[in-house]
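First up is the structure itself, then whatever we jot down about it.
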Amino acid sequence: MFRQDLLAGKKILVTGGGTGLGKSIGRRYLELGAHLVICGRRLAVLDATADEFRAELPGARIDTLTCDVRDAEQVEAMMERLWQTGPLDVLVNNAAANFIARTEKLSARAVDAVLNIVLHGSFYCAIAAGRRWIEAGRPGNVISTVSAPVITGQAFTAPSAAAKAGVLAMTRSLAVEWGPKGIRLNCVAPGLFPTPGAWEQLFPPGSQVEAQERGVPLRRLGEHRELCDLYAYLAADGSGYMTGDLIVMDGGRWMQGAGGPTFRAMQDWNDAQWDAMRKK
Ligand SMILES: CCCCCCCCC/C=C/C(=O)SCCNC(=O)CCNC(=O)[C@H](O)C(C)(C)COP(=O)(O)OP(=O)(O)OC[C@H]1O[C@@H](n2cnc3c(N)ncnc32)[C@H](O)[C@@H]1OP(=O)(O)O
Ligand SMILES: NC(=O)C1=CN([C@@H]2O[C@H](COP(=O)(O)OP(=O)(O)OC[C@H]3O[C@@H](n4cnc5c(N)ncnc54)[C@H](OP(=O)(O)O)[C@@H]3O)[C@@H](O)[C@H]2O)C=CC1
C-alpha cells in the first residue's frame, strides 16, 4: 500500500508498544523504515517484542524504555533519554487500561486506575513531547488511540469512555493551540481488532448475546494490518494537512444502534421477507 521508505528518517514513540495493537503498529512503522521506540511498564515484554522485530526485520532500529505513563516524572525522564539520541517526530498515545464493571461499584482507586493511564498518561506524553518540539522550533505529530465510546459513551466501561473522550478534547484543543507551531494531533477509534489484552478485560465468557461479527455492518472483525496502515498514513508527511480529526475504523459498528433493533433485524432479511412486508 505504501512505499517501503515512507517513514524513513522518522523517530516514533509508541506507548504500550510491547503488546497488542501497539505492537502491530510498531511493526508496521519498522517495515516502513521508521526508528521505533516502545515503552510500557514491563521491560521483559518490551525486550521480547524488540527481539522478535529484530529477527523479523534485519536492520530494524528499535529502542525500549520502561515508563509508567501515569507518573509525569517517569514520562519526563523517558522523553529526556529518548531525545538524547535525536528528536522525536511522532508520538503515538496507545497505552491504556480498561475493565468491565458496574459503575456504582467502582472504588475511587478503580476510577483513577483507568483515568490516570488513559487521560493523564496521554496528557503527560503530549506535553513532554510538545514542549520539546516548541522549544526546538520543530514540527510534531501526535496520534492518540481512543474508541467509539467517545461519541456514544459506553455502559460498564464509563471511566474508559470518559478518559478517551478527554483525550479527544485534548487533541482538538491542542490542534488549534499548537497548529501555528506546526504540531498536529489526531485520534483514531478502532473497533473490534482482537488482542489478548482487550479480549481478556472486556469479553469474558458469557458476555456476548451474539457472535461479535454480527454487531458489525461489514460482518467481520478488523485485521491489524488494516488499522496499521491508517497509523502509517497519519504518521507520514502525506497526511500533513490533517489535524484535530477523529477517524473511526470499525466496519460501521458504532452506528449500528441507529434505527434500533427493528431495522437491525432487517439487515438479514431475504427477498421473500421484503416482498411479504410490501404485501401486508
Ligand atoms: C474491544 C473494543 C470494542 C470497541 C468498543 C470498546 C471500547 C474499548 C476501548 C478500550 C479498550 C482498552 O483499553 S483494552 C486495553 C486492555 N488492557 C489493559 O487494561 C491493560 C492494563 N490494565 C491494567 O494494568 C489493570 O487491568 C488495571 C486494573 C487497569 C490497572 O492495574 P493496577 O495494577 O494499576 O491497579 P490495581 O491495583 O490492580 O487496581 C486498581 C483498582 O482498580 C480496581 N479494579 C481492578 N480491576 C477491577 C474490575 N474488573 N472491577 C472493578 N474494580 C477493579 C482494584 O480493585 C483497585 O481498586 P481498590 O480495590 O479500591 O484498591
Ligand atoms: N483491541 C481493540 O479492539 C481496541 C483497542 N483500543 C485501544 O487500543 C490500544 C491498545 O489496546 P490493546 O492492544 O487492545 O490492549 P493491550 O492490553 O495489549 O495494550 C495496552 C498496553 O498499554 C500498556 N500500558 C498499560 N498501562 C500502562 C502504563 N501505566 N504505562 C505505560 N504503559 C502502559 C501495556 O503494557 P504494560 O502492561 O507492560 O505497561 C500494554 O502494552 C488502547 O489504547 C485501547 O484502548 C480501542 C478500541 C478497540
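FYI, the numbering just counts along the sequence from 1. Counting convention: from 1, in listed order, for ligands and their atoms alike.
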Taking only heavy atoms of [X], which atoms of ligand 1 are found under 4.0 Å from at least one of them?
{"X": "R70", "answer": "34 (O)"}
{"X": "A110", "answer": "41 (C), 42 (O), 43 (C), 52 (N), 57 (O)"}
{"X": "F203", "answer": "1 (C)"}
{"X": "Q154", "answer": "5 (C), 6 (C), 7 (C)"}

If you measure from [atom] to every heavy atom of [options], which option wins on shortest distance?
{"atom": "atom 14 (S) of ligand 1", "options": "P204, G222, A198", "result": "A198"}
{"atom": "atom 30 (N) of ligand 2", "options": "V69, L21, L43, T15", "result": "V69"}
{"atom": "atom 7 (C) of ligand 1", "options": "G191, G215, S147, A96", "result": "S147"}
{"atom": "atom 39 (O) of ligand 2", "options": "R41, R42, Q201, K23", "result": "R41"}
{"atom": "atom 5 (C) of ligand 1", "options": "R253, K164, Q212", "result": "R253"}
{"atom": "atom 22 (N) of ligand 1", "options": "A101, G22, A97, G40", "result": "A97"}
{"atom": "atom 59 (O) of ligand 1", "options": "S107, G197, P190, A163", "result": "S107"}

Write out the residue and atom name of the closest protein heavy atom to [atom], then the distance separating them to 0.1 Å.
{"atom": "atom 12 (P) of ligand 2", "value": "T195 OG1, 3.6 Å"}
{"atom": "atom 31 (O) of ligand 1", "value": "R41 NH1, 4.4 Å"}
{"atom": "atom 35 (O) of ligand 1", "value": "A113 CB, 4.6 Å"}
{"atom": "atom 45 (C) of ligand 1", "value": "F99 CE2, 3.8 Å"}
{"atom": "atom 10 (C) of ligand 2", "value": "N94 OD1, 3.2 Å"}
{"atom": "atom 24 (N) of ligand 2", "value": "A95 CB, 3.8 Å"}
{"atom": "atom 26 (O) of ligand 1", "value": "Q201 NE2, 3.0 Å"}
{"atom": "atom 20 (C) of ligand 2", "value": "A96 O, 3.8 Å"}
{"atom": "atom 7 (C) of ligand 2", "value": "T145 CG2, 3.5 Å"}
{"atom": "atom 47 (C) of ligand 2", "value": "P190 O, 3.3 Å"}
{"atom": "atom 13 (O) of ligand 1", "value": "N98 CB, 3.5 Å"}
{"atom": "atom 23 (C) of ligand 2", "value": "G16 CA, 3.6 Å"}

Short list, please: which atoms of ligand 2 are under 4.0 Å from a heavy atom of [X]?
{"X": "T19", "result": "16 (P), 18 (O), 19 (O), 21 (C), 40 (C), 41 (O)"}
{"X": "R70", "result": "29 (N)"}
{"X": "G20", "result": "13 (O), 18 (O)"}
{"X": "G197", "result": "17 (O)"}
{"X": "K164", "result": "42 (C), 43 (O), 44 (C), 45 (O)"}
{"X": "C67", "result": "30 (N), 31 (C)"}

Got K10 and Y29 here, is their nearest side-chain heavy-atom distance under 4.5 Å?
no
Would you say the side chain of V69 lies within less than 4.5 Å of the side chain of H120, judging by non-hydrogen atoms?
no
Looking only at heavy atoms of [X], does any of them come nearer than 4.0 Å to an atom of ligand 2?
{"X": "D71", "result": "no"}
{"X": "G121", "result": "no"}
{"X": "A97", "result": "no"}
{"X": "D68", "result": "yes"}

Closer than 3.5 angstrom, by distance alone: can the side chain of [X] be matched with the main-chain N or O of [Y] as a donor-acceptor pair?
{"X": "Q154", "Y": "P149", "answer": "no"}
{"X": "T15", "Y": "N94", "answer": "yes"}
{"X": "R184", "Y": "M242", "answer": "yes"}
{"X": "S122", "Y": "L119", "answer": "no"}

Do ligand 2 and [X] have nitrogen or oxygen atoms that lie under 3.5 Å from each other?
{"X": "I117", "result": "no"}
{"X": "G22", "result": "no"}
{"X": "G191", "result": "yes"}
{"X": "G17", "result": "no"}
{"X": "F193", "result": "yes"}

Salt-bridged, [X] to [Y], with N to O below 4.0 Å?
{"X": "K11", "Y": "D63", "answer": "no"}
{"X": "E213", "Y": "R253", "answer": "no"}
{"X": "R225", "Y": "E223", "answer": "yes"}
{"X": "R28", "Y": "E31", "answer": "yes"}

W199 N/O to ligand 1 N/O under 3.5 Å:
no
Applying a strict 4.0 Å limit to heavy atoms, is L192 in contact with ligand 1?
yes
If you measure from each non-hydrogen atom of [X] to ligand 2, which part falls under 4.0 Å: side chain, backbone, both or neither?
{"X": "C39", "result": "neither"}
{"X": "W199", "result": "side chain"}
{"X": "V146", "result": "backbone"}

Is there a path of hydrophobic side-chain contacts, each under 4.5 Å between heavy atoms, that joins [X] and [Y]?
{"X": "V118", "Y": "M170", "answer": "yes"}
{"X": "L36", "Y": "M79", "answer": "no"}
{"X": "I143", "Y": "W133", "answer": "no"}

Could any protein non-hydrogen atom be found less than 4.0 Å from atom 14 (O) of ligand 2?
yes
Among all the protein's heavy atoms, is there at least one whose distance to atom 33 (O) of ligand 1 comes out below 4.0 Å?
no
Pick one of side chain, backbone, both or neither for how [X] approaches ligand 1, counting any non-hydrogen atom pair under 4.0 Å.
{"X": "T195", "answer": "neither"}
{"X": "R109", "answer": "both"}
{"X": "E200", "answer": "neither"}
{"X": "F193", "answer": "neither"}

